[in-house]
J.: 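To start, I am sharing the structure in question, which I have written as structure tokens.
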Amino acid sequence: MSLLFSRASLASLGLALGLSALCLSPVTAQETAPAPAAPAAPADAAAPVAAPVDPNAVIATVNGQPLTEADLVLAEGELSQQFAQLPPEQRRAAALSAAIEIRVMAAKAVTDGLDKDPDFQRRMAFLQQRALHGEMVEKGVVDKVTDAEVRARYDQEIANTPPVNEVHARHILVKTKEEAEAIIKQLDGGGDFQKLANEHTSDPSGKSNGGDLGWFGPGQMVPEFDKAAFALEVGKYTKEPVQTQFGWHVIKLEDKRAKQPPAFDDVKNQAKQAVIRDKYFALVKSLRAGAKVEIPDANLKKAVDTLESAK
């Protein structure tokens, strides 16, 4: 694995060095001679429609071998990180330059017999298997997921989620227990919670809104605050100060309601990923069951079995 990364890093470094001139050249040109702004197109001018690109169209030849549009698209996809800092109009030229560089370096490697190196052949075999694995996931799992399956997974998750309440609360935060007790005494005497919050709370966000915390569900606040807030009845406030890591709180419960589940469109992608994950592991499990796998090292086998059982 370390060898794979080290050689990949060297390849990336070579491409990065080759592309660095492309990244620097527009900056220099801009400093010396700024290009005049292009005239704005008329508002009613129709946007030109791009002609379909023939993937087999030859855009260059390298030592007599064609380099096509499809090859260029592949190069752009595989080397997208190297092109991220380039302006869009230069990415095509950069991709072609990189593809040519790869072709000539690869040809030299074959001439030198590097393709016969056992380690290279092992890595090539692994890369081919990894690519085939990706194709199988794409064609055998992702492409077979239906909208109905995604909706069913969403409905299942909603049905399996126990209903919970969320609350709307206010609080007054002070530094000492004595301050909190004095505020509770004022509330007992008919004091207005919002007014007292504006006057006394040390929570910056609560000084202008009466200590309003809005709606929140279980676990969104620190445990001590959470427990006290959810134990209150609507319209009531804590009769004893509540201590947390932030100080001492006086809490008032404004309202309580059942928490609404997220809308399907808001979590559709997460539901789809869950379906893909389940289908993937089901496929792997069936294929593993039909494969003869032997691991002579008992400790390693135990570790692998533990990982497999957790999937």
Side-chain angles (χ1 to χ4, degrees), residues 145 147 149-281 306-307 309-311:
V145 173
D147 290 341
E149 288 176 317
V150 176
R151 181 70 201 208
R153 180 54 183 260
Y154 167 81
D155 293 338
Q156 175 190 339
E157 292 292 337
I158 297 301
N160 292 341
T161 302
V164 297
N165 285 329
E166 58 182 356
V167 297
H168 177 199
R170 298 178 185 272
H171 81 137
I172 303 172
L173 175 64
V174 292
K175 293 182 179 180
T176 68
K177 183 178 181 181
E178 290 73 22
E179 289 178 277
E181 289 174 334
I183 290 170
I184 291 173
K185 189 174 181 179
Q186 293 184 64
L187 291 170
D188 290 341
D192 181 85
F193 193 98
Q194 295 186 42
K195 182 178 179 181
L196 289 171
N198 290 339
E199 292 174 353
H200 298 287
T201 189
S202 60
D203 178 2
S205 63
K207 281 187 173 295
S208 59
N209 65 0
D212 194 357
L213 294 170
W215 290 93
F216 56 90
Q220 290 183 248
M221 300 295 181
V222 291
E224 303 88 350
F225 191 103
D226 191 87
K227 181 179 179 180
F230 278 87
L232 286 170
E233 295 179 11
V234 174
K236 303 296 183 180
Y237 55 86
T238 51
K239 295 297 185 177
E240 296 292 334
V242 177
Q243 185 180 21
T244 72
Q245 66 200 64
F246 303 105
W248 294 86
H249 306 259
V250 181
I251 308 168
K252 181 183 178 184
L253 185 65
E254 294 287 349
D255 203 355
K256 184 182 293 186
R257 68 186 181 190
K259 187 175 182 179
Q260 296 299 307
F264 173 68
D265 288 340
D266 292 340
V267 293
K268 182 177 179 180
N269 288 338
Q270 293 94 310
K272 183 175 182 180
Q273 289 304 314
V275 174
I276 291 172
R277 183 182 64 246
D278 290 348
K279 284 180 171 288
Y280 172 80
F281 283 125
T306 299
L307 286 174
S309 63
K311 293 180 180 179

J.: Any chance you could lay out the side chain to side chain contact (heavy atoms under 4.5 Å, CB included) test for H168 and D212, step after step, and finish with the verdict?
T.: CA-CA 8 Å; H168 177 199; D212 194 357; 2.7 Å; yes

J.: Side chain to side chain donor-acceptor pair (under 3.5 Å) with E166: which of K256, K259, Q260, R257?
T.: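 The side chain to side chain donor-acceptor pair (under 3.5 Å) with E166 is passed solely by R257 among K256, K259, Q260, R257.
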
J.: To the nearest 0.5 Å, what is the distance between NZ on K207 and CG on N198?
T.: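 Interatomic distance, K207 NZ to N198 CG, rounded to 0.5 Å: 8.5 Å.
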
J.: Going from CD1 on I184 to OG1 on T238, what distance comes out if it is rounded to the nearest 0.5 angstrom?
T.: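 Separation between the atoms: 5.0 Å.
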
J.: When you check the gap from the basic side-chain N to the acidic O, do R153 and E149 get nearer than 4.0 Å?
T.: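 No, R153 and E149 are not salt-bridged.
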
J.: Nearest 0.5 Å please: distance from the CG atom of L213 over to the CE atom of M221.
T.: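 The distance works out to 4.5 Å.
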
J.: If the plane angle is over 60° it's perpendicular, under 30° parallel, otherwise tilted; pick one for F264 and Y154.
T.: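 Taking Y154 first and then F264, their aromatic rings stand perpendicular (interplane angle over 60°).
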
J.: Just wondering, are more than 12 heavy atoms of other shown residues or ligands nearer than 6.0 Å to CG in D147?
T.: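 Open: at most 12 neighbouring heavy atoms sit under 6.0 Å from CG of D147.
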
J.: Would you confirm whether D226, through its side chain, and G219, through its main-chain N or O, come within 3.5 Å as a donor-acceptor pair?
T.: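 The answer is yes, because a donor-acceptor pair under 3.5 Å joins these two groups.
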
J.: Any donor and acceptor pair, going by atom type alone, linking the side chain of R170 with main-chain N or O of N209 inside 3.5 Å?
T.: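 Looks like yes, one N/O pair under 3.5 Å.
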
J.: If you draw a 6.0 Å radius around CD in E240, do more than 12 non-hydrogen atoms from other residues or ligands fall strictly inside?
T.: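 Open.
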
J.: Under the criterion side chain to side chain contact (heavy atoms under 4.5 Å, CB included), I'd like the reasoning laid out for V150 against K272: C-alpha separation, chi angles, the key distance, then a yes or no.
T.: CA-CA 5 Å; V150 176; K272 183 175 182 180; 4.0 Å; yes

J.: Does the pair Y237 and I251 meet the rule for a side chain to side chain contact (heavy atoms under 4.5 Å, CB included), with working shown?
T.: CA-CA 5 Å; Y237 55 86; I251 308 168; over 6 Å; no

J.: Which is it for T176 and E181 under the side chain to side chain contact (heavy atoms under 4.5 Å, CB included) test, yes or no, and what are the steps along the way?
T.: CA-CA 9 Å; T176 68; E181 289 174 334; over 6 Å; no

J.: Going by atom types alone, do T244 and H249 pair a side-chain donor with an acceptor below 3.5 Å?
T.: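 Side-chain D/A pair, T244 to H249: present.
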
